[in-house]
Amino acid sequence: MVKVRFAPSPTGMLHIGGVRTAVFNWLFARAQDGGEFKLRIENTDTSREVAQAVDQIQESLRWLGLDWDGDHTFQLDRMDDCREVAQRLVDEGKSYEDDGAIRFRMPDEGTTNWEDVVRGHIEFPNDQLEDLVLVRSDGRPTYNFASPMEDVWDGITHVIRGDDHVSNTPKQINLIRAVGAEPPVYAHVPSVFGTDGKKLSKRHGAVSVEEFRDAGYISAALLNFLSLLGWAPDGETTIMSRDELVQRFDLSRVQSSPAAFDFQKLDWMNGVYLRALPRDEYAHELLLYLGEQGYDWDAELVHKAAPLVQEKIAKLGDFPAFAGFLFGDVSLDGHQLDGALLAEAERTLRDVEPFTAEAIEPALRQLAEKLGLKPRDAFAPIRLAVTGSKVSPGLFESLELLGKELALERISAARS
RNA sequence: GCCCCCAUCGACUAGCGGUCCAGGUCGCGGCCCUUUCAAGGCCGUCGCGCGGGUUCGAAUCCCGCUGGGGGCACCA
């Protein structure tokens, strides 16, 4: 039976690099029958900021579908237990007081080593290991003490974490052995970089789960993408459902070299997921998203517009810019329009009845032909007049959704 | 400075001694389709960091170098 944990510290938003670690933990746990995934908050105080961060972490995890088992736990709650253990270690001569702090005596000969599931054999000379402070002089246990202790108490079998912890590991192993426990299996996963090879940070774009959500990525796509950052089931497969991910995930196949976060590929993948959605579900997602983002747009109209954009936008967040003309006035600032052509278009469209895409299309095509214009040239000014942009959903469908009255109004306004 | 780790197309990766003059995906370029933008179809571009070994044979194993990352806290 495996048991893993995700242990973020409640400082600010959940960073996407950290989330990737959570994803690996979760996939690993869910892949095993009865595997458990625990959420542990490594807090050292209980401020209001912490409470908020904890909520946000949980919300982000939930959104991604990374469910954890049982209640989340707080490191802070185990401070007394930690102090007790530290005292016992002092009594046993394995630790000692130093200026009011308690230090753990590291071995100073030989090596400490382990078989890392992703890195293989790792070995540290013990003379490199400094005596670890377990409890500060103010009585607060340190991270490098509390964290491994919690792993022991929680019965964690596999510690899957970022590779910035590699050099903490030998200290933690020695500590765990000193309290008479067996160290867990370790798997240190590589970090996530920006495309420039530097650590992923704000200037690369979105870095927190919330930001990706706000930008209109859908969770299934983000999960799929994150899973593939440092792991691949084979050389071919890229699109995998949640279930398939769980089924195929293999911790020992996780890459030992760092991966760069490619926003372009994420966009592509999000588009794949969006396009694959059944129409109604797509409209539903879109509506939900717009609501979350504070757009108070007519639901029926959004629903009708959805099929027009499904194939065209990669993120739900692109919708307002792409189809916003259906929900509010457009601005034609700085555009020079062919008045004569618009006059013709207006006249043509006035006679179209019913005002549907099927009826509009032949009418406008006929007009283009009559004027000796290529369709693209004839339609461009109309598109601009009606949508306020050179790019838009299909023109005929857009006209239909806008309605005859509004459409004619905009064309007329654009002429003057 | 010391310790640990990493190294295949621009990016994510497959590859675990011969089937690789290195495969897939994104991107990029071209063509086709086309009412714009997308989507789709076809074609193409681009890579084993360097130097030594080992071996009949190396992207694959070993050593060195170079480059990158992480750590060396009474931070987490």
Side-chain angles (χ1 to χ4, degrees), chain A residues 7-11 42-44 75 98-103 111 113 116 118-130 132-147 162-171 188 190-199 225 227-239 253 255-269 271-272 274-275 308-314 318 322 360-361 364-365 368 373-384 387 389-399:
Chain A
S9 54
T11 51
E42 299 201 322
N43 64 329
T44 45
Q75 186 164 83
D98 172 36
D99 283 343
I102 299 178
R103 278 186 191 271
T111 64
N113 59 76
D116 197 282
V118 338
R119 303 295 178 108
H121 186 82
I122 302 181
E123 190 168 282
F124 279 80
N126 285 336
D127 59 14
Q128 294 294 323
L129 271 31
E130 257 184 29
L132 180 71
V133 172
L134 303 182
V135 182
R136 301 178 179 86
S137 41
D138 66 3
R140 289 157 53 230
T142 60
Y143 163 82
N144 262 322
F145 177 38
S147 185
D163 66 357
D164 48 328
H165 288 288
V166 168
S167 44
N168 287 328
T169 305
K171 300 175 193 168
H188 287 95
S191 29
V192 177
F193 291 151
T195 332
D196 56 0
K198 299 273 163 48
K199 246 197 147 84
F225 180 79
S227 305
L228 256 21
L229 233 45
W231 171 75
D234 53 52
E236 319 292 312
T237 319
T238 54
I239 302 293
R253 278 183 68 92
Q255 203 82 4
S256 45
S257 52
F261 194 104
D262 185 350
F263 288 85
Q264 280 185 308
K265 189 163 185 177
L266 206 217
D267 281 358
W268 165 79
M269 193 173 278
V272 170
L274 248 21
R275 271 174 256 124
L308 271 55
V309 304
Q310 185 166 11
E311 207 170 64
K312 296 172 181 283
I313 61 177
D318 296 337
F322 194 65
I360 293 168
E361 175 161 6
L364 286 182
R365 284 193 187 281
L373 289 171
K374 281 191 219 162
R376 51 162 27 88
D377 295 328
F379 299 163
I382 306 174
R383 180 189 313 281
L384 191 54
T387 71
S389 168
K390 286 182 187 166
V391 298
S392 76
L395 179 59
F396 319 123
E397 291 80 3
S398 294
L399 285 165

- prompt: Is A/N168 touching bases, backbone alone, or none of the nucleic acid, heavy atoms closer than 4.0 Å?
  reply: base
task: Answer yes or no: is there a donor N or O on one side and an acceptor on the other, between the side chain of A/T111 and the main chain of A/N113, under 3.5 Å?
output: no
query: Taking the same atom, P, in B/rC48 and in B/rC33, what whole-Å distance lies between them?
result: 37 Å
query: Which part of the nucleic acid, if any, lies within reach of A/H165 when heavy atoms closer than 4.0 Å are counted: base, sugar-phosphate only, or nothing?
result: base
message: Tell me whether A/Q310 contacts the main-chain N or O of A/L274 through its side chain, where contact means a donor paired with an acceptor under 3.5 Å.
response: yes
query: Short question: side chain of A/D116, backbone of A/H188 - any donor-acceptor pair under 3.5 Å?
result: yes
message: If I take atom CG in residue A/L395 and atom C1' in nucleotide B/rU34, what distance separates them, rounded to the nearest angstrom?
response: 14 Å
- prompt: Listed by chain and number, what are the ring pair (Phe, Tyr, Trp, His ring centres under 6.0 Å) partners of A/F322, not counting sequence neighbours?
  reply: none
- request: With the side chain of A/R119 defined as its heavy atoms from C-beta on, choose the nearest nucleotide among B/rU25, B/rC5, B/rA76.
  value: B/rC5
- prompt: Quick one: on RNA chain B, does A/E311 or A/A380 contact a more 5' nucleotide (nearest heavy atom)?
  reply: A/A380
- request: Answer yes if the ring centres of A/F379 and A/F396 are under 6.0 angstrom apart, and no otherwise.
  value: yes
task: Might you work through the side-chain hydrogen bond (donor to acceptor under 3.5 Å, both in side chains) test for A/S147 and A/Q75, ending with a clear yes or no?
output: CA-CA 8 Å; A/S147 185; A/Q75 186 164 83; 4.9 Å; no
- request: Quote, to the nearest angstrom, the C1' distance that separates B/rG23 from B/rC9.
  value: 12 Å
Rounded distance (Å) that lies between atom P of B/rG70 and atom CD of A/Q128: 19 Å
field: A/D116 CG - B/rC5 P separation (whole Å)
entry: 10 Å
- prompt: According to the Watson-Crick and G-U wobble definitions, with both distances under 3.5 Å, which nucleotide is paired to B/rA39?
  reply: none
query: Can you tell which of B/rA73, B/rC12, B/rU25 lies closest to the side chain of A/A259?
result: B/rC12
Which nucleotide in B/rC3, B/rA7, B/rU36 has an atom nearest any side-chain atom of A/K312: B/rU36
message: Using a heavy-atom cut-off of 4.0 Å across all strands, would you classify A/L229 as base, sugar-phosphate, or nothing?
response: sugar-phosphate
message: Can you check the distance between B/rG51 and B/rG10, where both ends of the measurement are the C1' atom (answer in whole Å)?
response: 26 Å
- line: Regarding the side chain of A/S9, the nearest nucleotide among B/rU35, B/rU25, B/rA76 is B/rA76
Distance test, side-chain N/O of A/R376 to OP1/OP2 of B/rU34, below 4.0 Å: no
task: Among the candidates B/rC74, B/rC37, B/rC26, find the nucleotide nearest to the side-chain atoms of A/Q264.
output: B/rC26
field: Atom-to-atom span, OH of A/Y143 to C1' of B/rG71 - whole angstrom
entry: 13 Å
- prompt: If you measure from the C1' atom in B/rA76 to the same atom in B/rA39, how many Å do you get, rounded?
  reply: 46 Å
task: If B/rC50 has a Watson-Crick or G-U wobble mate with both distances under 3.5 Å, name it; if not, just say none.
output: B/rG64
Rounded C1' spacing from B/rC50 to B/rG67 in Å: 10 Å
task: Indicate, with a heavy-atom threshold strictly under 4.0 Å, whether A/F396 touches base, sugar-phosphate, or nothing.
output: base
- prompt: Reckon A/L228 touches a base, only the sugar-phosphate, or nothing at all at heavy-atom distances under 4.0 Å?
  reply: sugar-phosphate
query: When all nucleic acid strands are considered with a 4.0 Å heavy-atom cut-off, which category describes A/S392: base, sugar-phosphate, or nothing?
result: base
statement: Against the side chain of A/R383, the closest entry in B/rG70, B/rU35, B/rC26 is B/rU35
message: Using a heavy-atom cut-off of 4.0 Å across all strands, would you classify A/N144 as base, sugar-phosphate, or nothing?
response: base
task: For A/L229 and A/A260, work out which heavy atoms get closest and say how close.
output: CD1-O, 3.9 Å
- prompt: So what does A/G394 hit on the nucleic acid, given a heavy-atom distance under 4.0 Å: a base, only sugar-phosphate, or nothing?
  reply: base
message: Looking only at the aromatic ring of each residue, does the gap between the centers of A/Y143 and A/F145 stay below 6.0 angstrom?
response: no
statement: Of the candidates B/rU25, B/rC74, B/rC37, the side chain of A/F322 sits closest to B/rC37
- request: Tell me which nucleotide among B/rC5, B/rG23, B/rA76 gets nearest to the side chain of A/E236.
  value: B/rG23
field: Any A/P393 side-chain heavy atom under 4.5 Å of A/S398 side chain
entry: yes
Distance below 4.0 Å between A/Q255 side-chain N/O and B/rA7 OP1 or OP2: no
Base-pairing mate for B/rA58 - Watson-Crick or G-U, with both contacts under 3.5 Å: none
- request: Identify, between A/K171 and A/F124, the residue whose nearest nucleotide on RNA chain B lies closer to the 5' end.
  value: A/F124
Between B/rU25 and B/rG47 - C1' atom distance, rounded Å: 15 Å
message: Whole angstroms only, please: what is the CH2-P distance between A/W268 and B/rA38?
response: 17 Å
- request: Could you work out the separation of B/rG53 and B/rG71 based on their C1' atoms and round it to a whole Å?
  value: 32 Å
query: How close or far is atom C1' of B/rG10 from atom NZ of A/K265, stated in whole angstroms?
result: 13 Å
task: Using the P atoms only, state how far B/rA58 lies from B/rG49, rounded to an integer number of Å.
output: 16 Å
field: Pairing partner (Watson-Crick or G-U wobble, both distances under 3.5 angstrom) of B/rA22
entry: none
- line: Out of B/rC74, B/rA11, B/rU13, minimum distance to the side chain of A/A101 belongs to B/rC74
message: For a quick check, tell me whether the side chain of A/S137 and the base of B/rC74 share a donor-acceptor pair closer than 3.5 Å.
response: yes
query: A/P375 has a side chain; which of B/rA76, B/rC37, B/rU35 sits nearest to it?
result: B/rU35
- request: Run the numbers on A/D318 and A/K312 for salt bridge (Lys or Arg N to Asp or Glu O under 4.0 Å), then give the verdict.
  value: CA-CA 9 Å; A/D318 296 337; A/K312 296 172 181 283; over 6 Å; no
query: Counting just side-chain N and O atoms, does A/R103 come under 4.0 Å of either OP1 or OP2 of B/rC74?
result: yes
Donor-acceptor pair under 3.5 Å, A/K374 side chain vs B/rU35 base: no
message: I need the CG-C1' distance between A/N126 and B/rC72, as an integer number of Å.
response: 15 Å
- prompt: Reckon A/P170 touches a base, only the sugar-phosphate, or nothing at all at heavy-atom distances under 4.0 Å?
  reply: nothing
message: Taking 4.0 Å as the cut-off, does a side-chain nitrogen or oxygen of A/R365 come that near to OP1 or OP2 on B/rU34?
response: no
message: Under 4.0 Å from OP1 or OP2 of B/rG40: is there any side-chain N or O of A/R275 that close?
response: yes
message: Can you measure A/R253 atom CZ to B/rG15 atom C1' for me and round it to whole angstrom units?
response: 9 Å
